[in-house]
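Structure first, commentary second.
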Amino acid sequence: MTDTTENLGKEAQRYYGFNTPQRLFVGYTLAVLVDLTVLNLFEEYWSYVTIQSFTISLAAAILLQVLLKLSIAAEHRIANYFKSKKGLSPKVLRGLSTWAILVGSKIIMLEAINILFGDKVVFTGPLNGVVAFFAVIFIILIAEITVGKIYFALEDKTAKSPAT
């Protein structure tokens, strides 16, 4: 009985914080699940989005997450380069490059989905499905931001008490 009581006491004192690799794993897993949910909701309720199976939608969600993170990283890298420059020209170039990356990366994503999945993932409608794809990506980004805001709003305020 004593061993059990000691183990319970140790369990109660254990700190369940996340290290950086764990946070990244949980964050990317959650982002993929958000993407998967959005993709499947669009597939179910909007005739402009057709996905052959759940497995295909999971693979597409993973691909979209990887490509979204790469495009955001590229945009930030280029924006930081132009932030370090002075004058109006770098500001204009920063705006143009941001627009080109954000729009161009979506075209690349759509083409990557087309190449990898063919007719198993289809976006139709205006502009050969580009409008539908942009709508899906836009809602994915809103959903990810919303989930992130909810996560940080649930932060334990007592854990941030100043050290004595």
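The figures here come from the full heavy-atom set of this structure, side chains too, leaving out hydrogens, waters and symmetry mates.
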Can you see which heavy atom on [X] is nearest to which on [Y], and at what distance?
X      : Y      : result
Val38  : Ala143 : CG2-CB, 4.0 Å
Pro126 : Tyr48  : CD-CE1, 3.8 Å
Phe82  : Ser97  : CE1-OG, 3.7 Å
Phe133 : Lys106 : CE2-O, 3.2 Å

Nearest-0.5 Å distance that lies between atom [atom1] in [X] and atom [atom2] in [Y]:
X      : Y      : atom1 : atom2 : result
Gln65  : Leu63  : CD    : CG    : 10.5 Å
Met109 : Asn114 : CE    : CG    : 15.0 Å
Leu36  : Leu30  : CG    : CG    : 11.5 Å
Phe134 : Leu102 : CZ    : CG    : 9.5 Å
Lys91  : Lys86  : NZ    : NZ    : 10.0 Å
Leu64  : Leu141 : CG    : CG    : 10.0 Å

Let me check something: do [X] and [Y] share a hydrophobic cluster, defined by ILVMFWY side-chain heavy atoms less than 4.5 Å apart, either directly or through other members?
X      : Y      : value
Ile113 : Val130 : yes
Ile142 : Ile150 : no
Ile107 : Val131 : yes
Leu33  : Leu41  : no
Leu116 : Leu67  : yes

Does [X] reach the side chain of [Y], with side-chain heavy atoms less than 4.5 Å apart?
X      : Y      : answer
Ile72  : His76  : yes
Ile137 : Leu68  : yes
Gln52  : Asp119 : no
Thr98  : Arg94  : yes
Ile56  : Val121 : yes
Leu58  : Leu39  : no

Looking only at atom types and distance, does a side-chain atom of Ser57 sit under 3.5 Å from a main-chain N or O of Phe54, one as donor and one as acceptor?
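Checking the backbone N and O of Phe54 against the side chain of Ser57, a donor-acceptor pair under 3.5 Å is found.
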Is a donor on one side and an acceptor on the other found under 3.5 Å between the side chain of Lys85 and the backbone of Tyr81?
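Such a contact is absent between Lys85 side chain and Tyr81 backbone.
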